[in-house]
Engineer: 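Supplied in structure tokens, the structure appears directly below.
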Amino acid sequence: MGHGLFFFLFGLWLIYKESYFDKRLILLDEIVMMLYHGRYIIMMMGMFASYSGLLYNEIYSKGFDIFGSSWRMPLDNTTYDEDDTVTLDPKYDYGNPYYIGIDVMWILSDNKLTFLNSYKMKMAVILGLSQMTFGLFISLANFKYFGKKLDIYFTFIPQMIFLQCIIGYMVFLIFFKWFLVDAGKDNPSILITMIDMFLSFGSQIDDDDLFYGGQEYVQMALVIIALCMVPIMLAAKPLTLMYWQKREVQDYEALSYESDDESMEQRERAEQQANVDMWVNQGIHTIEFCLGCISNTASYLRLWALSLAHSELSEVLWDMTMYYAFSWIDWDEGGCILLVFIFAAWAALTVSILLCMEGLSAFLHALRLHWVEFQNKFYDGTGYAFLPFSFHLILQNGENLEEISAM
């Protein structure tokens, strides 16, 4: 949360100084100019990074106690030493749900990494499905705008059903496990369930891996529905277009009194070539989407990896600098002066590594997720080239038109 706050304030400062930088754009260094042009992205990245830090209850790798912990020590006569490890059962030792984010006690626990890894991995999959689903709805808006009814019925609807039958079902299991599965008794694996859903199709599910009754029948139905969508995505649109094309040719031949064999033969060859291109293009898009449902979802796990790496680097840096300063420095023998140098080293490493290097890495990964995993659901790149709005270009085009009209 602390690192994200720095980015947010820095972006806010660049926006506040817009008039100052606009007058000096020619004098700015290339890197400074790139930062200035990306000021709104920096501000929003810092804002959402701060929100993620609030969810994970981390500020400079340390947990912060805002609402107090909901965990309670068991009330018995046991005496614990300082180095003892106590296992708490959430069924008996946990009170009301935490208001927002992670309970601060998880940051202090020995199994913090195990718990947060699972939590962040599931959050990455949920965010991935949400963004890919949103991308498909944008494709629906494009189809409606351009009047492509065939693409609505034979592209959008089968793609949405295929995605939700596989990835949507996995997200359903995530929420089902969070809310309805008793972790103290059963701990079925979502990953094993998704693998067995295809490799052990129709087989009986063991009680240890069972989430709910009738699970094997639901999974069989979802697999069959998903597989039925593949030939629809592949062949429905080309077959319909070929049928319409054949009807148009028959109508044209019926209305034509004179027929030129050579022109008819050329037209047939052109139609055959167009049909081949259409089938190849449809096959490529179908294969790309079906395989992309798995690979794109796995690609969103980079969010989990980035969060894990940043959290661990922050913790290591704190333990090697500030933790050492607060734990071992003798305050009566000039320890305050040494603390100043240690804090300077911690601040310099935080800015250079955790803010600059990791901030650039997080930005590039987020950019890739938008460009590849999100935009391939709706973006074709077959329209007009994008030109940003510019009064200079408008005036220049107006002058060119005046010169042409004067000639």
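Below, all heavy atoms of this structure are taken into account, side chains as well, without hydrogens, waters or symmetry copies.
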Engineer: Just jot down the salt bridge (Lys or Arg N to Asp or Glu O under 4.0 Å) partners of Arg302, sequence neighbours excluded, or say none.
Structural biologist: none

Engineer: Output, in order, the C-alpha distance, side-chain angles, deciding distance and verdict of side-chain contact (heavy atoms from CB on, under 4.5 Å) for Phe154 and Leu241.
Structural biologist: CA-CA 12 Å; Phe154 298 141; Leu241 291 176; over 6 Å; no

Engineer: Is the backbone of Ala236 close enough, under 3.5 Å, to the side chain of Thr240 for a donor and an acceptor to pair up by distance?
Structural biologist: yes

Engineer: Any side-chain to backbone donor/acceptor pair from Ser299 onto Ser295? Under 3.5 Å, distance only.
Structural biologist: no

Engineer: Is any side-chain heavy atom of Gln159 closer than 4.5 Å to one of Met229?
Structural biologist: no

Engineer: Could you tell me whether a side-chain N or O of Tyr36 sits under 3.5 Å from a main-chain N or O of Glu18, the two making a donor and an acceptor?
Structural biologist: yes

Engineer: Which heavy atom of Tyr300 sits nearest to which heavy atom of Ala124, and what is that distance?
Structural biologist: O-CB, 3.4 Å

Engineer: Between Asn296 and Lys377, which heavy-atom pair has the shortest distance, and what is it?
Structural biologist: ND2-NZ, 2.9 Å

Engineer: Does the Asn281 side chain pair with the main chain of Asp277, one donor and one acceptor, at a distance under 3.5 Å?
Structural biologist: no

Engineer: Given 3.5 Å as the limit, does a donor-acceptor pair link the side chain of Lys177 with the main chain of Pro188, or not?
Structural biologist: yes

Engineer: Under a plain distance cut-off of 3.5 Å, with no hydrogens placed, do Trp106 and Asn57 share a side-chain donor-acceptor pair?
Structural biologist: no

Engineer: Tyr212 and Phe176: aromatic ring centres closer than 6.0 Å?
Structural biologist: yes

Engineer: Evaluate the side-chain contact (heavy atoms from CB on, under 4.5 Å) criterion for residues Thr297 and Val125: first the C-alpha distance (whole Å), next the side-chain angles of each, then the deciding distance (0.1 Å), finally the verdict.
Structural biologist: CA-CA 6 Å; Thr297 305; Val125 173; 4.1 Å; yes

Engineer: Classify the side-chain pair Tyr169/Gln219 by whether it contains a donor and acceptor separated by less than 3.5 Å.
Structural biologist: yes

Engineer: For Tyr323, which residues count as a side chain to side chain contact (heavy atoms under 4.5 Å, CB included) partner, sequence neighbours excluded?
Structural biologist: Trp318, Asp319, Ser327

Engineer: Would you give the length of the straight line joining atom OH of Tyr51 to atom OH of Tyr56, rounded to the nearest 0.5 angstrom?
Structural biologist: 10.0 Å

Engineer: Measure the spacing between CD1 of Ile287 and CG of Leu234 and express it to the nearest 0.5 Å.
Structural biologist: 7.5 Å

Engineer: Does the distance from a Lys or Arg side-chain N to an Asp or Glu carboxylate O, for Lys112 and Glu315, drop under 4.0 Å?
Structural biologist: yes

Engineer: Can you find a heavy atom in the side chain of Phe374 that is under 4.5 Å from one in the side chain of Tyr379?
Structural biologist: no

Engineer: Would you say Asn376's side chain and Val372's backbone share a donor-acceptor pair under 3.5 angstrom?
Structural biologist: yes

Engineer: Grab the two heavy atoms, one from Leu306 and one from Ser361, that are nearest each other, plus how far apart they are.
Structural biologist: CD2-OG, 3.8 Å

Engineer: Would the Phe343 and Trp346 ring centres measure less than 6.0 Å apart?
Structural biologist: yes

Engineer: Just wondering, do Met43 and Leu14 contact through their side chains at under 4.5 Å, heavy atoms?
Structural biologist: no

Engineer: Starting at CG of Leu222, measure out to CD1 of Ile161 and round the result to the nearest 0.5 Å.
Structural biologist: 11.5 Å

Engineer: Does any non-hydrogen side-chain atom of Glu216 lie less than 4.5 Å from one of Ser203?
Structural biologist: no

Engineer: State whether a side-chain donor-acceptor pair under 3.5 Å links Ser307 with Lys120.
Structural biologist: yes

Engineer: Restricting to non-hydrogen atoms, name the atom on Leu354 and the atom on His310 that form the minimum distance, rounded to 0.1 Å.
Structural biologist: O-CE1, 3.6 Å

Engineer: Do you know which two heavy atoms are closest between Pro238 and Ala235, and how far apart they sit?
Structural biologist: CD-O, 3.4 Å

Engineer: After noting the C-alpha distance and the side-chain angles of Phe175 and Trp178, does the key distance pass the ring pair (Phe, Tyr, Trp, His ring centres under 6.0 Å) rule?
Structural biologist: CA-CA 5 Å; Phe175 284 103; Trp178 277 346; 5.5 Å; yes

Engineer: Phe378 and Phe137: aromatic ring centres closer than 6.0 Å?
Structural biologist: no

Engineer: With rounding to the nearest 0.5 angstrom, report the CD to OG1 distance, Gln282 to Thr155.
Structural biologist: 5.5 Å

Engineer: Walk me through it: do Gln164 and Val171 pass the test side-chain contact (heavy atoms from CB on, under 4.5 Å)?
Structural biologist: CA-CA 9 Å; Gln164 301 305 326; Val171 172; over 6 Å; no

Engineer: Decide yes or no for Leu116 and Ile102: does some side-chain heavy atom of the first lie under 4.5 Å from some side-chain heavy atom of the second?
Structural biologist: yes

Engineer: Is there a donor-acceptor contact under 3.5 Å from the side chain of Ser50 to the main chain of Leu5?
Structural biologist: yes

Engineer: Find out whether Leu163 and Leu136 are in side-chain contact, i.e. whether some heavy atom of one side chain is under 4.5 Å from a heavy atom of the other.
Structural biologist: yes

Engineer: What I'd like to find out is whether the side chain of Leu54 reaches to under 4.5 Å of the side chain of Ile100, using heavy atoms alone.
Structural biologist: yes

Engineer: Heavy atoms, side chains only, cut-off 4.5 Å: are Leu140 and Asp151 in contact?
Structural biologist: no

Engineer: For the CE atom of Met170 and the CD1 atom of Ile126, what is their distance to the nearest 0.5 Å?
Structural biologist: 9.5 Å

Engineer: Kindly say whether Met105 contributes a backbone atom to a donor-acceptor pair with the side chain of Asp103 at under 3.5 angstrom?
Structural biologist: yes

Engineer: Between Lys237 and Met233 (side chain of the first, backbone of the second, donor and acceptor by atom type, cut-off under 3.5 Å), is there such a pair?
Structural biologist: no

Engineer: Can you establish whether the number of heavy atoms outside Phe201 located under 6.0 Å from its atom CZ is more than 12?
Structural biologist: yes

Engineer: What do the steps show when you test Ser118 against Lys122 for side-chain hydrogen bond (donor to acceptor under 3.5 Å, both in side chains), and what is the final call?
Structural biologist: CA-CA 6 Å; Ser118 175; Lys122 293 180 175 66; 2.6 Å; yes

Engineer: Testing the basics here: between Phe156 and Ser139, what is the closest heavy-atom pair and its distance to 0.1 Å?
Structural biologist: CD1-OG, 4.0 Å

Engineer: Cation-pi check for Phe21 against Lys17: NZ or CZ below 6.0 Å from the six-membered ring centre and within 45 degrees of the axis, yes or no?
Structural biologist: no

